[in-house]
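Comments concern the structure below.
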Protein chains: 2
Amino acid sequence: MNIGEIAKRAGVSRSTVSYALSGKRPVSEETRWKIQQVVDELGYRPSASARALANGRTSTIGLVFPPAGDHYTGMQLDFIGSVVEAAAAHDYDVLLSPSGVDSDRSFQRLLGERRVDGAILMEIRLEDDRVDHLAALNFPSVAIGRTAHPEDGWWVGLDHTELAAACVHHLADLGHRRVAFVNRPEQLVRAGYESAHRGLDGFTKAAAERGLTVRTYCCGDNAASGQACVEQILRDDPATTALVTLNEAALGGLYRGLAQACRRVPRDFSVTGVVAGRWAETVTPQLTAADVPAAEMGRRAVDLLVERLDHPDAPPRHHLLTPPISLRASTGPAGVTPTADAGSGTTA
Amino acid sequence: MNIGEIAKRAGVSRSTVSYALSGKRPVSEETRWKIQQVVDELGYRPSASARALANGRTSTIGLVFPPAGDHYTGMQLDFIGSVVEAAAAHDYDVLLSPSGVDSDRSFQRLLGERRVDGAILMEIRLEDDRVDHLAALNFPSVAIGRTAHPEDGWWVGLDHTELAAACVHHLADLGHRRVAFVNRPEQLVRAGYESAHRGLDGFTKAAAERGLTVRTYCCGDNAASGQACVEQILRDDPATTALVTLNEAALGGLYRGLAQACRRVPRDFSVTGVVAGRWAETVTPQLTAADVPAAEMGRRAVDLLVERLDHPDAPPRHHLLTPPISLRASTGPAGVTPTADAGSGTTA
DNA sequence: TTGAAAGCGCTACCAT
DNA sequence: ATGGTAGCGCTTTCAA
């Protein structure tokens with residue numbers, strides 16, 4: 001059933017039906033009522049394809065996120081959820097595109113076939129061909145994260161440098177002198193992931209500033225890798241008393257590794273990092289961490305995109321967030337020097 | 001740029017360009033080459049809206065999942081991820097719709113405006129108006145989960161009854177006599193969530209069969225609720241020595257509650273349930289559980305849907321999965337009767 | 001092997 | 001306040 005059918009039954013022209021429904025032109029009370037009557041009776045809804053073709057807008061935004069290498073992290077889930085709900089609030093639907101790079105089929109479809117009015121990009125790299133490509137096309141998009149050249153882009157990001165530094169200062173204030181850094185997987189670091197690089201930077205600089213002895217590690221996005229990573233850390237330097245991590249998915253494994261090495265948290269060993277709040281609260285003891293405000297970021301990204309869609313020539317806007325560290329239960333004062341054999345007691 | 005432009009530059013008609021691109025009609029080698037040349041040069045891609053309007057297919061499938069009440073669980077993430085990737089493999093895009101019920105705006109848009117060729121439904125209720133509605137319309141869809149009347153539907157589901165029963169038998173075999181059941185939030189149970197109901201059924205029947213003393217609880221989808229739930233369990237019956245849970249998101253809190261009540265897992269207390277594998281592995285000790293094969297289920301759902309889209313009159317198909325329990329480290333023989341004061345030692 | 005043209009269902013301009 | 005109609009860009013019949 002189409003608009004012509006409605007027009008016929010209501011005894012008016014198709015354009016009148018269109019206007020009555022869109023409200024883009026005044027329609028007499030009586031006519032409007034008659035049309036609404038027919039529409040309700042038949043349960044008519046205009047075809048999205050036809051409308052998109054006619055007015056050039058799809059009322060859909062694309063959400064571009066990388067294909068699961070290993071799998072997805074909880075934070076990604078939070079982003080997806082918040083973006084979808086924020087978009088729904090603006091009456092936009094969300095089309096998912098698992099694309100890590102510019103050349104992915106799905107990404108090309110999104111843009112080339114004009115399936116969406118705008119896009120939100122996740123998992124930004126410092127040099128990101130997707131961002132560059134969209135910028136070159138002046139295609140409306142907002143990044144969750146920022147590249148090495150964020151000046152004139154649209155994005156909402158986290159100040160990972162600052163956050164990682166805050167973690168270091170927190171630990172240093174507690175007296176820790178030998179601290180490890182647990183990053184995302186090496187593959188992602190090599191790919192230039194923003195959070196991994198800026199986080200590492202912030203950690204390294206702050207540690208130097210405080211005169212700490214540090215070691216840095218990459219770690220797979222899963223519990224087993226986290227456990228292995230802790231074993232490696234304690235093997236490399238049994239005197240390590242704390243760690244900072246960006247790797248949410250490894251967190252459970254990090255805790256397990258510590259437990260098996262008989263390092264009690266936070267008595268013998270402090271753990272902190274940058275992690276979405278609700279995941280920080282699932283571990284015991286709960287993680288003291290800079291809480292990634294994923295829901296807020298997703299919402300803001302959508303708001304920014306909608307603004308950009310409504311005002312094609314608006315100047316670039318962005319939000320850089322620096323959430324505070326939430327003090328929970330995983331950090332404490334550095335105790336007496338841990339005995340070396342506590343470290344060597346690690347089980348395989 | 002449109003197909004007419006390509007036709008002009010290639011010196012052929014628009015229909016020839018269309019056929020050259022779709023391959024639905026033979027085109028001379030020479031002509032095809034010329035067209036491809038122009039297409040590549042201009043980077044032409046046909047408009048998805050125009051194509052959808054012309055041939056009635058959007059090459060998009062809808063993924064309907066409930067709006068985050070509290071938030072999303074890890075399992076939901078796994079489903080979303082696997083559905084998106086499986087769809088991409090079939091060259092379908094995925095449109096997300098956060099709709100709990102039939103009447104949600106987003107759900108109505110999906111169907112009424114014909115934005116998608118078919119849909120995959122998550123979080124099925126025993127009586128689910130979305131499923132009924134789609135069935136009545138004969139709209140191609142596949143449910144992840146099954147209603148109370150699954151006979152002639154398309155779905156891929158988990159045998160929660162069997163799975164929960166298997167957990168009970170496992171515990172009973174280990175000598176546990178007093179076992180608690182930790183379900184999803186009461187709100188979801190009331191709404192009729194399939195997994196919550198069938199799981200509870202399976203638990204109850206198997207426990208009766210084995211002559212166990214049981215108590216059942218509802219629990220919010222987060223760590224704090226899990227912790228509170230364990231406290232309640234030990235308060236209600238300090239002699240409880242094991243629990244079965246379907247509540248993945250509460251798992252960390254369950255463990256924490258146990259730790260704070262000084263019940264060591266698995267020495268003093270056994271924990272098991274139905275949980276996606278990778279989440280079972282993030283807790284310490286790792287959870288012995290029936291692993292929800294989320295990735296496989298998502299993939300199968302897409303395969304089923306694509307089959308249904310390709311063969312509109314194919315008879316209903318479905319998959320009922322019963323994954324085995326993966327023995328990890330959270331269950332053990334029931335020990336000596338726990339002392340009552342271990343329970344009363346619970347902190348608030 | 002190719003072309004012409006009639007839609008697909010809607011929007012929005014131009015009339016009245 | 002309303003109607004007629006020309007597109008939007010593609011697919012697909014019908015003809016040649």
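In what follows, every chain begins at residue 1, and chains take the letters A, B, ... in the order their sequences are listed.
One interatomic measurement links the two molecules: NZ of A:K24 to P of D:dA1, which rounds to 18 Å at whole-angstrom precision. Taking atom OH of A:Y19 as the reference point, atom P of D:dT5 lies 15 Å away to the nearest angstrom. With rounding to whole Å, B:R51 atom CZ is found 18 Å from C:dG9 atom P. In this structure, the CZ atom of B:R32 is 10 Å from the P atom of C:dT1, given to the nearest Å. Atom P of nucleotide D:dC8 and atom CZ of B:R14 are separated by 10 Å, given to the nearest angstrom. Going from atom CD1 of A:I6 over to atom C1' of C:dG9 covers 12 Å, rounded to whole Å. At whole-Å resolution of the value, CZ in A:R45 and P in C:dG9 are 17 Å apart. One can place CG of B:L53 at 9 Å from C1' of D:dG9, the figure rounded to the nearest angstrom.
Contact check, A:S47 against C:dG9: no side-chain N or O comes under 4.0 Å of OP1 or OP2. Regarding contacts with the backbone of D:dG9, a side-chain N or O of B:N2 is found under 4.0 angstrom from either OP1 or OP2. Within the 4.0 Å cut-off from OP1 or OP2 of D:dG3, at least one side-chain nitrogen or oxygen of A:S13 is found.
Checking D:dT11, C:dC10, C:dT2 against the side-chain heavy atoms of B:V27 singles out C:dT2 as nearest. When each of C:dT1, C:dC10, D:dG9 is scored by its nearest atom to the side-chain atoms of B:P26, the top-ranked nucleotide is C:dT1.
Note on B:S18: a base of the nucleic acid sits closer than 4.0 angstrom, heavy atoms only.
Side-chain atoms of A:S15 come within donor-acceptor range of the base of D:dG4, with a qualifying N/O pair under 3.5 Å. A:Y44 contributes no side-chain N or O that forms a donor-acceptor pair with the base of C:dC10 under 3.5 Å.
Between the side chains of B:H133 and B:D128, no donor-acceptor pair is found at a separation under 3.5 Å. Under 3.5 Å, the side chains of B:E123 and B:Q76 contain a donor-acceptor pair of N or O atoms. Counted by atom type alone, B:Q36 and B:D40 present one or more donor-acceptor pairs between their side chains at under 3.5 Å.
The main-chain N or O of B:S141 is found under 3.5 Å from a side-chain atom of B:R308 such that the two form a donor-acceptor pair.
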Task: Audit row: B:S15, B:S18, side chain to side chain donor-acceptor pair (under 3.5 Å) steps and yes/no - done: CA-CA 5 Å; B:S15 52; B:S18 177; over 6 Å; no
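Nearest-nucleotide positions on DNA chain D place B:S49 closer to the 5' end than the other of B:S49 and B:R25.
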